[in-house]
Amino acid sequence: MDKQTKKEFENLVWIIKESFDAIEIRFNGLEKRFDGLEIRFNGLEKRFDRLEDKVDNGFIFVNQELVDIKERISRLEKRTIEDSDAQAEEILKLKKRIDWLEKQFKRIQPAFAH
């Protein structure tokens, strides 16, 4: 190989090496950005998990309230009618409370269904 060809070859090798170095620097930058995105997504995942736990706990609470109210209604209905006006009023209040809780439960349940 003559001197001129060798010099041109070395220049091409240098240009290729510089290009690869530049590409490597860009890939390193992209990798850091993806690492940052992964950290952010992990944070979002944890927040969604906490939200899901809160919603699940809310559903558990609503269900417990419904069970409690239904038990109270059953006990009220079994009593002898000594104070029918008071009992009827209490039953109506409890039934309204059940209706309201069931509507709330049905309204929010589809948004968080698993």
Side-chain angles (χ1 to χ4, degrees):
M1 186 177 322
D2 67 0
K3 250 184 171 176
Q4 180 65 27
T5 305
K6 185 177 179 182
K7 181 77 171 164
E8 288 176 9
F9 182 75
E10 287 174 353
N11 283 339
L12 286 174
V13 168
W14 182 81
I15 290 170
I16 291 171
K17 183 189 176 309
E18 289 296 313
S19 296
F20 277 122
D21 289 346
I23 290 170
E24 184 178 6
I25 289 170
R26 291 182 73 190
F27 277 127
N28 288 339
L30 284 173
E31 187 174 346
K32 287 179 184 176
R33 291 174 74 185
F34 280 119
D35 289 345
L37 285 174
E38 184 177 2
I39 290 168
R40 290 175 69 187
F41 280 123
N42 287 339
L44 285 173
E45 184 177 19
K46 288 177 185 175
R47 289 175 67 188
F48 281 122
D49 287 345
R50 286 192 303 265
L51 177 62
E52 186 178 38
D53 289 343
K54 287 180 182 179
V55 170
D56 288 344
N57 289 336
F59 287 145
I60 290 168
F61 172 77
V62 168
N63 280 327
Q64 289 171 343
E65 283 289 308
L66 288 172
V67 168
D68 178 57
I69 292 168
K70 288 178 181 180
E71 287 174 358
R72 290 175 64 189
I73 289 173
S74 293
R75 286 193 305 264
L76 285 172
E77 289 173 342
K78 290 178 184 176
R79 288 185 189 164
T80 56
I81 304 178
E82 295 172 358
D83 189 359
S84 61
D85 290 341
Q87 287 180 352
E89 185 177 325
E90 178 68 9
I91 290 170
L92 287 175
K93 286 180 185 177
L94 290 171
K95 285 186 178 185
K96 285 180 184 178
R97 191 171 162 199
I98 287 174
D99 290 342
W100 182 83
L101 285 169
E102 287 178 334
K103 285 178 188 175
Q104 294 299 316
F105 187 76
K106 287 177 184 176
R107 183 178 64 84
I108 61 175
Q109 186 179 20
F112 296 97
H114 297 266

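For clarity, every value in this text was computed on a predicted model and none was experimentally measured. FYI, the numbering just counts along the sequence from 1.
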[X] [atom1] to [Y] [atom2] distance, which is reported to the nearest 0.5 Å:
| X | Y | atom1 | atom2 | result |
| --- | --- | --- | --- | --- |
| Trp14 | Lys7 | CH2 | NZ | 11.0 Å |
| Lys103 | Arg107 | NZ | CZ | 12.0 Å |
| Ile73 | Leu92 | CD1 | CG | 9.5 Å |
| Arg47 | Leu51 | CZ | CG | 9.5 Å |
| Ile98 | Glu65 | CD1 | CD | 10.5 Å |
| Leu94 | Leu66 | CG | CG | 11.5 Å |

Report the residues that fulfil side-chain hydrogen bond (donor to acceptor under 3.5 Å, both in side chains) with Lys93, sequence neighbours left out, ordered by chain and then residue number. Glu89
Would you check, one step at a time, whether the test side chain to side chain contact (heavy atoms under 4.5 Å, CB included) holds for Ile91 with Lys95? CA-CA 6 Å; Ile91 290 170; Lys95 285 186 178 185; 3.7 Å; yes
Can you confirm whether [X] sits close enough to [Y] that some side-chain heavy atom of one is under 4.5 Å from a side-chain heavy atom of the other?
| X | Y | result |
| --- | --- | --- |
| Glu102 | Asp99 | yes |
| Gln64 | Ile60 | yes |
| Gln104 | Val62 | no |

Could you tabulate the donor-acceptor pairs under 3.5 Å formed by side-chain atoms of residues 16-26, not counting sequence neighbours?
residue : atom : partner : partner atom : Å
Lys17   : NZ   : Asp21   : OD2          : 2.8
Ser19   : OG   : Ile15   : O            : 2.9

Please name all residues satisfying ring pair (Phe, Tyr, Trp, His ring centres under 6.0 Å) with Phe105, sequence neighbours left out, ordered by chain then number. Phe59
Check for me, please, whether Trp100 and Ile108 land in the same ILVMFWY cluster - side-chain distances under 4.5 Å, paths through other members count. yes
